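Read through the structure below, which is laid out as structure tokens, and then see the notes.
These numbers were taken from a predicted model, which means no experiment stands behind them.
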Amino acid sequence: MWGIYMGIQEIEQFKKIGMGVGIGFLVFAISLSLFDTTQASLLGIIALLVVLWTNEGLPLAVVSLLPIILFPAFSIIDTKTTALNYSNPIIYLFLGGFLIAIAVEKTNLHTFIANKMLDIFPNTPRGMIFSLAMTSGLLSSILSNTTTSLLLMSIALFITKDVRLKLRFALAIAYGASVGGIITPIGTPPNLILLGIMNEKSMEMIPFFQWIWMVAPLAFLMFIVVSSFLSIGLENTTIKREAKESHLNKAQKKVLYIIGGLILLLLLNAPMNPVWGGLGLNEAGLLLTAGLVLFMPPFNILEWMDDKAKIPYRIMFLFGAGFSIAKAFGDTGLASEVASYLIVMTELPPILLLFAVAALITFTTEITSNTALISIMLPVIYSVAQQTGINTTLFMMVATLCASYAFMLPIATPPNAIAMSSGAVDVKSMMKYGFVLNLVGIFLIVMIAEFFWKGILS
């Protein structure tokens, strides 16, 4: 009977929504054996959201707004608490960065910069993927991975018109930012949280340059893996240059001045070492200021009603959904409950325990904030390490780095969401590449911890 009133496309969409609801109910039913009703409801809703994001049963923005309705409806967190997450400062950092990207595209500055990049790096897909991942990673070691991804994404997507290459380039920047963020103690928030908890527990601190020495081999191996994996199937693909522009025009120079000034401020603002903590300015404020200046004299590059100013509000809603899930994880006690199951694993051999912790952190980070998760998990991991006799610093270090190595879902990390915002990446492709890289990341972190860090930290 439904077929009479619905076309084939509507029936297909209805099936996709039904699949999401069915999987959501299944996850809820299974979770009841481990968690209370509220926590099980949260897991069921998360399963529903992930399925709908993946099979595109509903538009990404619509799915991302569902927590505002579903969380209060199932008494997880109230409407106000949920909605507040959709105005998180990082969303305005993203808005500022995207306004800069729009200005780069409008003035055609991207063509000039892309050609300069092709002059420097190997003019092959593999060469460009490796150079983008490395550039993104090294910048992310001193700047936030969100800021780095925003600055590079607008350039990388215009190196080629090939859809397959655009997808790989966007993922190279996003994954490179996550890989490189671990290189320094100040690269990502989880690293700083680890150092804070070590200080609180009166543990011996890891010196700045010792951290780099320990982590650099891991990051370098991951750069090679990410670049090689993303290059598969591109052996016979070539990059065609657009017509070279020998000189910058007036509008391009204006945008370049703003980007140059912004990068200088960001570098001065970065806490480059433990002694000098930077300017102390807020990065979200810096990027939003740079974006808004583009509307003002003497620049006047953007107009609010400009056809080219297509701000991806759907990705801003996606950020909000991710922050809402993280908030719900904490408020319902689900994060603490998940952490408590680590205690059950204390009888495992040390290396298997490391693998178990690495896998738990990596895949849990896919659906919640790595900052929130690691804040809850590290004190628990500290207690577990004390009970098992494993090197406590080693154990906590593994957990911290795994919190940054989530490559599967757009809500896992801001770089992943920014790659989605480019329009070149779909959730299925991100999950396909990300799942493999999650497993590789877990393996490499545990192996390096076991055979390299253990000697240094003993």
Side-chain angles (χ1 to χ4, degrees), residues 89-118 132 135-136 139-140 143-161 166 169-170 172-174 177 241-269 281-319 414-415 417-425:
I90 202 170
I91 293 174
Y92 295 97
L93 184 150
F94 174 80
L95 175 60
F98 206 83
L99 289 172
I100 295 170
I102 292 169
V104 168
E105 181 180 358
K106 182 179 178 180
T107 60
N108 213 33
L109 178 61
H110 57 276
T111 303
F112 182 87
I113 298 174
N115 279 317
K116 289 297 181 184
M117 287 182 67
L118 290 171
L132 288 171
T135 302
S136 180
L139 284 174
S140 291
L143 303 178
S144 83
N145 53 19
T146 309
T147 302
T148 299
S149 300
L150 286 168
L151 290 173
L152 292 178
M153 196 65 69
S154 60
I155 297 168
L157 294 181
F158 298 101
I159 293 173
T160 178
K161 292 182 179 179
K166 282 179 180 282
F169 289 172
I173 289 171
R241 293 179 183 235
E242 296 185 31
K244 278 197 175 186
E245 296 182 24
S246 55
H247 299 290
L248 293 170
N249 61 38
K250 188 176 180 180
Q252 290 172 334
K253 287 179 180 178
K254 287 179 179 180
V255 176
L256 203 57
Y257 291 150
I258 290 176
I259 294 174
L262 175 63
I263 292 173
L264 179 61
L265 273 175
L266 289 169
L267 289 172
L268 292 174
N269 193 54
L281 300 174
N282 182 274
E283 280 198 355
L286 288 175
L287 259 79
L288 185 58
T289 300
L292 295 180
V293 163
L294 291 162
F295 293 90
M296 304 175 187
F299 299 100
N300 295 117
I301 300 296
L302 297 181
E303 298 175 17
W304 193 255
M305 300 305 292
D306 196 327
D307 289 340
K308 290 186 178 292
K310 296 176 182 177
I311 298 170
Y313 292 105
R314 66 192 190 114
I315 304 300
M316 295 168 72
F317 294 151
L318 177 66
F319 273 119
I418 290 164
M420 275 291 299
S421 75
S422 69
V425 180

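A donor-acceptor pair under 3.5 Å is absent between the side-chain atoms of T135 and the main chain of L132, judged by distance alone. In terms of modelled atom types and a separation under 3.5 Å, the side chain of T148 and the main chain of N145 share no donor-acceptor contact. Looking only at distances, no side-chain donor or acceptor of E303 sits under 3.5 Å from a matching main-chain atom of F295.
Nearest heavy-atom pair, Q252 versus N108, reported as atom, atom and distance to 0.1 Å: NE2-O, 3.2 Å. Residues A251 and I301 approach most closely at O-CD1, 3.9 Å, considering heavy atoms. Across all non-hydrogen atoms, the minimal contact from T289 to G285 is OG1-O, 2.6 Å. Residue A170 comes nearest to V425 through the heavy atom pair CB-CG2, 3.7 Å, listed as atom of the first residue, atom of the second, then distance. Across all their heavy atoms, I91 and M316 have their closest contact at CG2-CE, 3.5 Å.
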Which donor-acceptor pairs under 3.5 Å do side chains of residues 254-267 form with protein atoms, sequence neighbours excluded?
unit_1 : atom_1 : unit_2 : atom_2 : d
K254   : NZ     : P298   : O      : 2.9
K254   : NZ     : F299   : O      : 3.4

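Distance OG1/T107 to CD1/I102: 12.0 Å, rounded to 0.5 Å. Atoms CG and CG, from L302 and L294 in turn, are 5.0 Å apart once rounded to the nearest 0.5 Å.
With respect to I173, the side-chain contact (heavy atoms from CB on, under 4.5 Å) criterion is satisfied by exactly one of S140, S422, P415, S136: S136.
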Pair L150-I100, side-chain contact (heavy atoms from CB on, under 4.5 Å): steps then yes or no: CA-CA 9 Å; L150 286 168; I100 295 170; over 6 Å; no

